[in-house]
Each structure stands twice: as structure tokens, then as C-alpha cells.
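Below you'll find the structure, written out as C-alpha cells, and then a few comments.
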Amino acid sequence: MEQLLRAELRTAALRAFGGSGRGGISEGRAYDTDAGPVFVKVNRKAQARKMFEGEMASLEALRGTGLVRAPRPMKVIDLPGGGAAFVMEYLKMKSLSSQASKLGDQMADLHLYNQKLREKLREEENTVGRRAAEAEPQCVTKFGFHTVTCCGFIPQVNEWQDDWPTFFTRYRLQAQLDLIEKDYADREVRELWSRLQVKIPDLFRGVEIVPALLHGDLWAGNVAEDDEGPVIYDPASFYGHSEFELAIAVTFGGFPRSFFAAYHRKLPKAPGFDRRLLLYQLFNYLNHWNHFGPEYRRASLGTLRELLR
């Protein structure tokens, strides 16, 4: 492994420091190199390259806004015998605490970024002598992403769609339920889902949804802070509904109230927010069921029933 890293990073120095870390999906290690410290994530699964390429694209998109801090991605490397390694900038991080409010503020700015691009574009379309559009960031008008991303180790289809409820139902909920059907053939889930599907459009009536660039997996284990401020990492980005981002943060806790207070000062809750949050929590319970097993069946069924009330 170290010989491979030396060759790929073109460094004579390669010294591991700190302890090795193992998350729920991959393991990681920090190294000193000729060009400075790096962090290397390793995963031996066959789909590791696809997973890391999606993460790399996500980090590039998030960093490209200039609104949030995230590690600079460097390189995805194929490993002998299968799997891949992902090399990125090393940041000396600690648990999010004093910077939670600032992160909430930044995430709201991130979610408003594409909407402000759209508003600016509309203003410029009505202005004589406006600058060439090619020189500026382009507004995204559809829901999706330019590549596959993985929430955990499950690949997510991000084909562009005009309609958010269609995108979310087809590529998030139905995709998770198809995996549950394949592995468990759960009759109760199947029956509840058949009843819920027809009700989903009602949850979005009267709500304008502008595509927002999302982190995509914003739980407490994917946020931190350092001496410069908050940091986000391990993204599974796509353009979606901003409310989707908050569901996993609420579901699995770990975020101080100051985060949500700062966020909602810039992005107030729209009518029907709590019901839609429940729908987005359903995705996270299903995703955890597919990753970690039937211990999440009860929460999934309970959320399905609650949405049908």
C-alpha cells in the first residue's frame, strides 16, 4: 500500500501519523508527504472506485461554491486485488461544537446558492449589455447530479428530472424499497408503500422547490470544526430539495439547536415542513435497513404508517 501511494503521489516521504480510523463504510489513515499531510480512505469493495469518484465530484461541487469548507480532493487510486483508495487534503478536525451556528448559516447559504444564481440570471436577461454567461457559474434547473453518488456504499441514480417528487420517489425511495424487496420480500412494507405512493404529490402542493446543491449525507459523523471554522466531508451530493438535507441531522441527532436556529433564520420552514421531513426520514431509515439490517425495519414501518395517517 505505501509503495503504491509513494508512486501515485510522487513523494519520497510517506509517514503515517495518528491512529488509523474505521468508519461504517471505509477505513482511513493520515500521512505526511513531500507536499504536506494527506488523508487516505480505503475501501476493498468492488464498487469502491465509483463510490470515491462520486465523493470526489461532490467535494468539488461543494468547494466550488466558496460557501462551505470541505477537504480538497486529490486522487482516486485502484488497489491491487480490488477496491480503491481516495486521497484528499488532511484537516486536523474535532467534533462540531462552538461552530454549529456558523455551519447552520453556511448550509443555508449553500442551499440558497443556486436560487440566487437563478435570480441573478433573470435580472441579467432583462439587462442590456450583460456579461457573457460563460464567465459565470451556471444555474441548475433540474434535480439530479452529473454522476452517480453513494450514500454509504449504495450507488444512487442521479439522472436529471424536471420534477422533484418524481426524482425523490423514483431514485431515492423506490430504489431503497427495491433492495428491501430483493433481500427481504417484506409484505407489510410492500402494502404500506403501495398506499403511500399516491399520497406523495399532496405533500408538495403549493411549495416551490428550486434545486439546491446538497451535501446529501449530513449526519453528525460527517461534520466537524477546526481552528478556521466548520468543515463538512464524506458527501453524496446532488441537486434536490433543501429540506431533504435536514432529515438525517434530525433523525440521528448530534446537531446542537444553534445549528437549526441559524439555518432557519435564513431558510424558514415552509408550510407542510414537518410532514415532508417525515418522508425524508423514511429514506434514511430504509437506507439504514439496507446497510445494517432489519433492526431498522420497525422505524421504517412506523414512519410509513405515520405518513398514512
Side-chain angles (χ1 to χ4, degrees), residues 1-2 4-11 13-14 16-18 20-79 82-93 96 103 106-107 109-110 113-114 137-138 140 144-156 158 212-219 221-226 228-240 245:
M1 177 68 176
E2 292 193 355
L4 177 65
L5 286 174
R6 278 194 179 90
E8 290 285 343
L9 300 178
R10 299 180 181 180
T11 179
L14 189 75
F17 67 90
S20 60
R22 179 177 290 277
I25 307 300
S26 302
E27 57 185 277
R29 192 77 190 257
Y31 295 89
D32 277 320
T33 74
D34 293 348
V38 299
F39 186 75
V40 181
K41 288 174 68 174
V42 175
N43 190 285
R44 301 285 178 178
K45 289 182 178 291
Q47 70 268 34
R49 169 167 277 278
K50 178 180 287 188
M51 181 172 67
F52 286 149
E53 285 178 342
E55 183 177 343
M56 186 167 186
S58 299
L59 288 169
E60 289 170 346
L62 293 168
R63 287 170 54 86
T65 67
L67 296 170
V68 292
R69 289 182 65 231
R72 177 174 61 86
M74 298 169 67
K75 195 170 193 178
V76 178
I77 302 167
D78 289 319
L79 298 179
F86 180 26
V87 185
M88 69 189 80
E89 173 188 17
Y90 170 80
L91 297 175
K92 188 177 181 181
M93 301 181 296
L96 182 71
L103 179 61
Q106 290 177 348
M107 292 306 298
D109 285 340
L110 175 69
Y113 175 75
N114 191 55
Q138 297 298 296
V140 174
F145 203 52
H146 63 276
T147 190
V148 170
T149 53
C150 295
C151 191
F153 57 72
I154 297 175
Q156 299 184 126
N158 289 320
L213 179 61
L214 307 180
H215 174 284
D217 191 15
L218 198 76
W219 70 288
N222 289 344
V223 299
E225 63 183 65
D226 64 10
E228 295 183 35
V231 181
I232 59 176
Y233 54 98
D234 288 359
S237 292
F238 63 98
Y239 282 84
E245 192 90 284

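Nothing fancy with the numbering, it's 1 onward along the sequence.
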Donor-acceptor pair, [X] side chain versus [Y] backbone, under 3.5 Å?
X	Y	result
N114	A212	no
D226	L91	no
D78	R49	no

Problem set entry | Contacts of type side-chain hydrogen bond (donor to acceptor under 3.5 Å, both in side chains), residue K75, not counting sequence neighbours | E8

For this session: Any chance you could lay out the side-chain contact (heavy atoms from CB on, under 4.5 Å) test for M107 and I232, step after step, and finish with the verdict?
Result: CA-CA 10 Å; M107 292 306 298; I232 59 176; 4.3 Å; yes

Problem set entry | Parallel, tilted or perpendicular: ring planes of F17 versus Y90, cut at 30 and 60 degrees |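 Answer is perpendicular, since the angle exceeds 60°.
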
Please find the pair of heavy atoms, one from [X] and one from [Y], that lie closest to each other, and give the distance.
X	Y	value
F39	G28	CZ-CA, 3.6 Å
P155	V148	CB-CG1, 3.9 Å
P230	L96	CB-CD1, 4.4 Å
S237	S58	N-OG, 3.0 Å
A48	A84	CB-N, 3.6 Å
G54	T147	CA-CG2, 4.4 Å

Is there a side-chain contact between [X] and [Y], using heavy atoms and a 4.5 Å cut-off?
X	Y	value
L5	I77	yes
R63	P73	yes
Y113	L67	yes
P235	L59	yes
L79	M1	yes
K41	D234	yes

Measuring from atom [atom1] of [X] to atom [atom2] of [Y], what distance do you get when rounded to the nearest 0.5 angstrom?
X	Y	atom1	atom2	answer
L14	R6	CG	CZ	5.0 Å
H215	L110	NE2	CG	10.0 Å
L62	Q106	CG	CD	11.5 Å
F238	Q156	CZ	CD	6.5 Å
K45	K50	NZ	NZ	14.0 Å
M93	Y233	CE	OH	4.5 Å

Problem set entry | Stepwise side-chain contact (heavy atoms from CB on, under 4.5 Å) test for S26 and M51 | CA-CA 11 Å; S26 302; M51 181 172 67; 3.9 Å; yes

Exercise. Mind checking what makes ring-ring contact (aromatic ring centres under 6.0 Å, His included) contact with F86, not counting sequence neighbours?
Worked result: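 With neighbours one apart ignored, the set is F52.
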
